[in-house]
Amino acid sequence: QVQLVESAGGLVQAGGSLRLSCAASGRTISSLAMAWFRQAPGKERELVAAINRSGASTYYADSVKGRFTISRDNAKNTVYLQMNSLKAEDTAVYYCAADLTLLSGRLPTRDHEYDYWGQGTQVTVSS
């Protein structure tokens with residue numbers, strides 16, 4: 001069993017930055033593909049960014065390309081989402097997710113492919 005705990009989000013002004021972290025326990029994340037999803041009120045949950053086990057491959061939603069960066073520190077069993085140039089439309093609950101996989105290159109992009117989820121953290125961007 002894997003437990004994922006996101007750091008606190010917060011209220012940020014548009015144009016500002018925020019870094020989210022996701023600490024995993026129960027298993028080393030070196031065996032996990034990791035991702036950040038978000039869900040805004042009245043909208044479906046969407047994939048924001050994903051990173052494979054080695055960190056060599058990443059995926060970003062078009063809406064966050066060039067502004068967000070996903071990274072992982074396997075030694076700390078933690079994944080990060082650095083969010084820069086935040087916009088009001090980035091306001092959402094952000095979820096960390098993990099996919100237990102034997103394939104080092106695997107990079108799932110759909111939520112049903114992820115096995116474990118954090119509780120979510122609210123990020124609010126004021127315009």
Side-chain angles (χ1 to χ4, degrees):
Q1 192 71 7
V2 176
Q3 293 78 42
L4 303 174
V5 179
E6 298 100 342
S7 59
L11 174 63
V12 184
Q13 286 191 336
S17 297
L18 188 65
R19 188 177 81 158
L20 301 179
S21 62
C22 172
S25 60
R27 194 176 195 97
T28 174
I29 65 168
S30 61
S31 61
L32 303 169
M34 304 293 296
W36 288 94
F37 287 78
R38 69 185 180 187
Q39 187 167 21
K43 295 188 177 181
E44 292 186 355
R45 184 166 56 190
E46 63 172 347
L47 175 63
V48 174
I51 188 167
N52 70 344
R53 282 175 47 184
S54 67
S57 295
T58 57
Y59 168 90
Y60 294 96
D62 288 343
S63 58
V64 306
K65 279 181 182 176
R67 300 189 298 121
F68 289 13
T69 302
I70 188 171
S71 61
R72 60 192 299 151
D73 186 335
N74 287 351
K76 294 184 178 180
N77 237 31
T78 300
V79 175
Y80 304 95
L81 184 68
Q82 178 67 45
M83 304 184 291
N84 299 327
S85 303
L86 283 161
K87 304 176 181 180
E89 50 264 43
D90 295 318
T91 296
V93 177
Y94 283 72
Y95 297 90
C96 177
D99 170 47
L100 180 60
T101 175
L102 297 176
L103 303 175
S104 62
R106 175 174 163 83
L107 192 61
T109 59
R110 292 172 290 184
D111 57 4
H112 72 266
E113 298 180 282
Y114 286 86
D115 305 300
Y116 305 101
W117 293 83
Q119 80 285 359
T121 187
Q122 176 70 45
V123 173
T124 302
V125 183
S126 63
S127 57

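Heavy atoms only: backbone and side chains are in, while hydrogens, waters and symmetry mates are out.
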Colleague: I need the Thr69 OG1 to Leu81 CG distance, nearest 0.5 Å.
Modeller: 8.0 Å
Colleague: Does Thr124 reach the main-chain N or O of Leu11 with its side chain, forming a donor-acceptor pair under 3.5 Å?
Modeller: no
Colleague: In terms of hydrophobic clustering (I, L, V, M, F, W, Y; side-chain heavy atoms under 4.5 Å; direct or indirect links), are Leu47 and Tyr116 co-clustered?
Modeller: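 In one cluster: no.
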Colleague: Can you tell me how far apart CG (Asp99) and OG (Ser31) are? Round to the nearest 0.5 Å.
Modeller: 10.0 Å
Colleague: Return the CE to SG distance between Met34 and Cys22, rounded to the nearest 0.5 Å.
Modeller: 4.5 Å
Colleague: For residues Gln1 and Gln3, determine if any side-chain heavy atom of one lies less than 4.5 Å from a side-chain heavy atom of the other.
Modeller: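 Side chain of Gln1 against side chain of Gln3, heavy atoms only: contact under 4.5 Å found.
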Colleague: Could you tell me whether the side chain of Gln13 and the main chain of Ser126 form a donor-acceptor pair under 3.5 Å?
Modeller: no
Colleague: Mind checking whether Arg106 and Arg53 have side chains closer than 4.5 Å, heavy atoms only?
Modeller: no
Colleague: Can you find a heavy atom in the side chain of Ile70 that is under 4.5 Å from one in the side chain of Tyr59?
Modeller: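 A side-chain contact under 4.5 Å is absent here.
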Colleague: Which atom names give the shortest non-hydrogen contact between Ala33 and Tyr114, and what distance separates them?
Modeller: O-CE2, 3.9 Å
Colleague: Looking at Arg27, is its backbone amide N or carbonyl O close enough to the side chain of Asn77 to form a donor-acceptor pair, meaning the two atoms are under 3.5 Å apart?
Modeller: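 Present.
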Colleague: So, does Asn52 use its side chain to make a donor-acceptor pair with the main chain of Ser104 at under 3.5 Å?
Modeller: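 A pair under 3.5 Å: yes.
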Colleague: Provide the closest heavy-atom pair for Asp90 versus Arg67 in the form atom of the first, atom of the second, distance.
Modeller: OD2-NH1, 2.7 Å
Colleague: Report the C-alpha separation of Leu100 and Val2 in whole Å, then their side-chain angles, then the decisive distance to 0.1 Å, and conclude whether the side chain to side chain contact (heavy atoms under 4.5 Å, CB included) test is met.
Modeller: CA-CA 9 Å; Leu100 180 60; Val2 176; over 6 Å; no
Colleague: Considering only NZ, NE, NH1 and NH2 on the basic side and carboxylate oxygens on the acidic side, decide whether Asp62 and Lys65 come within less than 4.0 Å.
Modeller: yes
Colleague: With no hydrogens and no angle check, is any side-chain donor or acceptor of Thr78 less than 3.5 Å from a backbone partner on Lys76?
Modeller: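 Yes, the answer is positive, given that a donor and an acceptor are paired below the 3.5 Å cut-off.
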Colleague: Of all heavy-atom pairs between Ala88 and Ser127, which one has the smallest distance, and what is that distance?
Modeller: CB-CB, 4.2 Å
Colleague: Pick out which of Trp117, Tyr94, Tyr95 makes a ring pair (Phe, Tyr, Trp, His ring centres under 6.0 Å) with Phe37.
Modeller: Trp117
Colleague: Would Leu20 and Val12 show up in the same hydrophobic cluster when neighbours are defined by side-chain heavy atoms closer than 4.5 Å?
Modeller: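 Cluster IDs for Leu20 and Val12 match.
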Colleague: Check for a donor-acceptor pair, side chain of Arg19 on one end and backbone N or O of Gln82 on the other, with a separation under 3.5 Å.
Modeller: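 Such a contact is absent between Arg19 side chain and Gln82 backbone.
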Colleague: Quick check: do Gln122 and Thr91 have side-chain heavy atoms less than 4.5 Å from each other?
Modeller: yes
Colleague: According to a hydrophobic-cluster definition based on side-chain heavy atoms being under 4.5 Å apart (Ile, Leu, Val, Met, Phe, Trp, Tyr only), do Leu107 and Ile29 belong together?
Modeller: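 Shared cluster, no.
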Colleague: Which pair of heavy atoms, one from Ala98 and one from Leu32, lies closest together, and at what distance?
Modeller: CB-CD1, 4.1 Å
Colleague: Answer yes or no: is there a donor N or O on one side and an acceptor on the other, between the side chain of Arg38 and the main chain of Val123, under 3.5 Å?
Modeller: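 Between the backbone of Val123 and the side chain of Arg38 there is no qualifying donor-acceptor contact (under 3.5 Å).
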Colleague: Do Tyr80 and Val48 belong to the same hydrophobic cluster, where Ile, Leu, Val, Met, Phe, Trp and Tyr are linked whenever their side-chain heavy atoms lie under 4.5 Å apart, directly or via other members?
Modeller: no
Colleague: Applying the 4.5 Å side-chain criterion to the ILVMFWY set and letting contacts propagate, would Leu86 and Tyr60 be lumped into a single cluster?
Modeller: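 Looking at the clustering, Tyr60 is in the same group as Leu86.
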Colleague: I want to check something: taking the side chain as every heavy atom from C-beta on, are Arg72 and Asn74 in contact at a cut-off of under 4.5 Å?
Modeller: yes
